[in-house]
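Let me begin by presenting the structure, written as structure tokens, before commenting on it.
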Amino acid sequence: MKTILARPSCVLRITYFLGGLGSIIVASYLSFSAEEFSPPIPTFLEKGHEAHLDYIVVSGDPLEKRFLIESIGGGLAVIDYNNDGWMDLYITNGGTIETTRSGQGSKYPGALYRNNHDGTFTDVTLPAGVANRYWGKGALAFDFNNDGWQDLYLVNYGPNILYRNNGDGTFTDVTAKAGVGDPRWSAAAAAADYDRDGNLDLLVVNYLDYDINHLPVEGKFCSYRGIPVACGPRGLKGAGDSLYHNNGDGTFTDVSEQAGVSDKEGYYGLAAAWGDFDNDGYPDLYVANDTTPNYLYRNNGNGTFTEIGAKAGVAYSEDGREQAGMGVDFEDYNNDGLLDLVVTNFSDDYNTLYRNTGKGFFVDVSTSSGIAEDSYRDLSWGTGFFDFNNDGFKDLFVANGHIFPQVDRYGFKISYRQQNKLYLNNGREGFVSVTGLAGPALQAMKSYRGAVFADFNNDGAIDVAVVALDDRPSLLMNRGVPGNHWILIKLVGTKSNRFGVGARVTVVTEGVTQTRELKAGGSFASCNDPRAHFGVGKSTVIQELLVRWPSGKVTTVKQAPVDQVLTIREGS
């Protein structure tokens, strides 16, 4: 693995991409030098086993993966289910073809881990009542009934499940009453208050119309680089997506068709994220699709959406190709107050970074930012923009792992088990890969999938948990960077939804203004810390902190001390 610390200034770099359209030659000028950029590099330690996260994630046959359902999936959710201020963790589990056909999906039920505040977790799945009885694919934590307790939504192959948090350490399955048990192969879910009525609505992205009892078989017409592999998604039927409007009484209404987000084209959805890209106060929706164009749905503010992916420049790669979207994050990486997009993709292609111009469209800056070349051999999934070194600029983490174990046998120079990647933000529209210098935890090779980001030990440094197929999950604890400060912001909505999902938080320190939008869902089939994290470098005081709530109200805080978890209540 080649680690790039810095590149000479004004060097012309030629990269050859061997894709489905032939050889594409991309030339890029990389304009920063070693003298200009010496980033403080955080160190990550693998603490999964010590933390007792010992659950093996089962996903079909670990040696072959003859069917696509065995390779696609593996999300997780950060959730403070007991409201003690320490982030807990739900990890999905899968199944096998045999157990799913026989109705024994509960043999691999997933796990809810309670944070013990001492670096360890306890499996509380059974007493909490959240054992999944289907083949789990992803998870979402969101407070659908505004009672101040995060609920849990599990997306599955088979009916999805909504567990209501009872506030006493237990959950109740309310799927039937709520009407959100989508029976298809769901890949991911994300929540937002798209109509600003104070209740979180639910978007479910579905992948394939797939019959476990009549599976497509591998053979000469299902190949990757000439070797027989699992069939799909090309040639198979897409499943469509679902938008559930929250009625505010414990029930939801399926408004997918009338809202215009049902995926009439039948694309293969794998990930979704809400974000107000045009700063009009209404959350828009991005859906990453596998081998088909991605969607960007602009919120019209009247309960409907208009799909503008191609027009906005985020449906295809820079050269007009359909990519294979796996994971997504919607954040402001360059501190200009506009939400940008990163989309992770299949191997033999690059991960795509779209910069928001503020003029209704985005520009593919993957190559000029330093992301494209380094990601070409990776098959990438979970991702997130977070400030891992607390210097005031959001960095980028990407989880990697191939879907075909067979690639290890053919000398393709592409491995089934891959390293995760860490890219530090250089503060000038670019990123630098420091994977090789960020600690031995990032050298471990597994077939990773979902990734979540949270401050699990409340020390101000963002940690990462990552699912790996047929293996234990990884818990990457960030030791941080000495001398750099931070702030974590917990929102309590009153007129807005209780956790402030969709709120825009702006932090102003000496010479730097940062923005983050609170989300429920994103990455790949996963859900992050519900609090807003900011690194502020050497600053010891937040000069100004503004919260623009989904209700339209604005809260301002002046001269806030750093290195604290700050709770802000709407209207107080």
Please check this pair: side chain of [X] against backbone of [Y], looking for a donor-acceptor N/O pair closer than 3.5 Å.
X	Y	answer
D276	D280	yes
N426	F431	no
T344	W381	yes
K446	R472	yes
T357	K359	yes
R184	A239	yes
D284	N299	yes
S526	S523	no
D364	E318	yes
S366	L353	yes

Point to revise | Partner residues of A259 under the side-chain contact (heavy atoms from CB on, under 4.5 Å) criterion, sequence neighbours left out | key: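 Only L243, V255, V261, F305 meet the side-chain contact (heavy atoms from CB on, under 4.5 Å) criterion with A259.
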
**Study point:** Partners passing side-chain contact (heavy atoms from CB on, under 4.5 Å) against Y416 (at least two apart in sequence or in another chain)
**Key:**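 For Y416, the residues satisfying side-chain contact (heavy atoms from CB on, under 4.5 Å) (neighbours in sequence not counted) are K65, H402, P405, V407, D408, S447, L469, D470.
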
Check: [X] ring centre within less than 6.0 Å of [Y] ring centre:
X	Y	answer
W135	Y157	no
F393	Y333	no
F453	F397	yes

For the [atom1] atom of [X] and the [atom2] atom of [Y], what is their distance to the nearest 0.5 Å?
X	Y	atom1	atom2	result
L475	L89	CG	CG	8.0 Å
E373	T367	CD	OG1	9.0 Å
D182	D254	CG	CG	8.0 Å
L202	L162	CG	CG	8.0 Å
N478	F388	CG	CZ	7.5 Å

Point to revise | Intermediate values then yes/no, side chain to side chain donor-acceptor pair (under 3.5 Å), Y224 and S347 | key: CA-CA 11 Å; Y224 170 71; S347 62; 3.2 Å; yes

Practice item. Can you see which heavy atom on P109 is nearest to which on Y55, and at what distance? Key: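 Heavy atoms of P109 and Y55 come nearest at CD-OH, 2.9 Å.
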
Review point. Which heavy-atom pair separates A399 from Y448 by the least distance, and what is that distance?
Key: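 In this case the closest contact between A399 and Y448 is CB-CB, 4.1 Å.
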
For the residue pair [X] and [Y], confirm or rule out a side-chain donor-acceptor distance under 3.5 Å.
X	Y	result
T352	N345	yes
N279	R504	yes
Y423	D374	yes
T306	N300	yes
T96	R101	no
N294	Y286	yes
Y350	Q323	no
T100	Y108	no
Y376	D348	no
S380	D378	no
T291	E322	no
N93	N132	no

Check your understanding: Which residues satisfy the ring pair (Phe, Tyr, Trp, His ring centres under 6.0 Å) test with F412, sequence neighbours excluded?
Key ->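 Ring pair (Phe, Tyr, Trp, His ring centres under 6.0 Å) check on F412 returns Y410.
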
Practice item. Decide side-chain contact (heavy atoms from CB on, under 4.5 Å) for D395 and N389; before the verdict, give the C-alpha distance in whole Å, the side-chain angles of both, and the deciding distance to 0.1 Å. Key: CA-CA 8 Å; D395 311 303; N389 57 5; 3.3 Å; yes

Could you tell me whether the side chain of [Y] reaches within less than 4.5 Å of the side chain of [X], counting heavy atoms only?
X	Y	result
V78	F456	yes
M87	I79	no
I414	R225	yes
D201	Y244	no
D340	D332	yes
M445	N400	no
L339	E517	yes
S242	N206	yes

Indicate yes or no: does [X] engage [Y] in a salt bridge with an N to O separation below 4.0 Å.
X	Y	value
D349	R321	yes
E64	R409	yes
R298	E307	no

Point to revise | Plane angle bin for W185 and Y207 - parallel if under 30°, tilted between 30 and 60°, otherwise perpendicular | key: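 It falls in the perpendicular class, over 60°.
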
Check your understanding: Any idea how Y194 and W274 line up, ring-wise: parallel (<30°), tilted (30 to 60°), or perpendicular (>60°)?
Key ->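 Answer is parallel, since the angle falls under 30°.
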
Exercise for review: Could you give me the CA-CA distance, side-chain angles and deciding distance for L424 and L396, then say whether side-chain contact (heavy atoms from CB on, under 4.5 Å) is met?
Suggested key: CA-CA 6 Å; L424 293 186; L396 180 65; over 6 Å; no

Exercise for review: Apply side chain to side chain donor-acceptor pair (under 3.5 Å) to the pair Y295 and N289, showing each step before the final yes or no.
Suggested key: CA-CA 8 Å; Y295 290 133; N289 294 311; 5.0 Å; no

Check your understanding: Has R417 got more than 12 heavy atoms of other residues, nucleotides or ligands less than 6.0 Å from its CZ?
Key ->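 Incorrect, the count does not exceed 12.
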
Practice item. For V466 and N420, run side-chain contact (heavy atoms from CB on, under 4.5 Å): C-alpha distance rounded to whole Å, both residues' side-chain angles, the deciding distance at 0.1 Å, then the answer. Key: CA-CA 9 Å; V466 195; N420 297 320; 4.1 Å; yes

Check your understanding: Given the rule in the ring pair (Phe, Tyr, Trp, His ring centres under 6.0 Å) test, do F277 and F330 qualify, once you have shown the distances and angles that lead to the verdict?
Key -> CA-CA 8 Å; F277 86 92; F330 220 155; 7.0 Å; no

Practice item. For V328 and V342, run side-chain contact (heavy atoms from CB on, under 4.5 Å): C-alpha distance rounded to whole Å, both residues' side-chain angles, the deciding distance at 0.1 Å, then the answer. Key: CA-CA 6 Å; V328 62; V342 64; 6.0 Å; no

Exercise for review: Could you give me the CA-CA distance, side-chain angles and deciding distance for E46 and S474, then say whether side chain to side chain donor-acceptor pair (under 3.5 Å) is met?
Suggested key: CA-CA 7 Å; E46 172 57 79; S474 290; 3.1 Å; yes

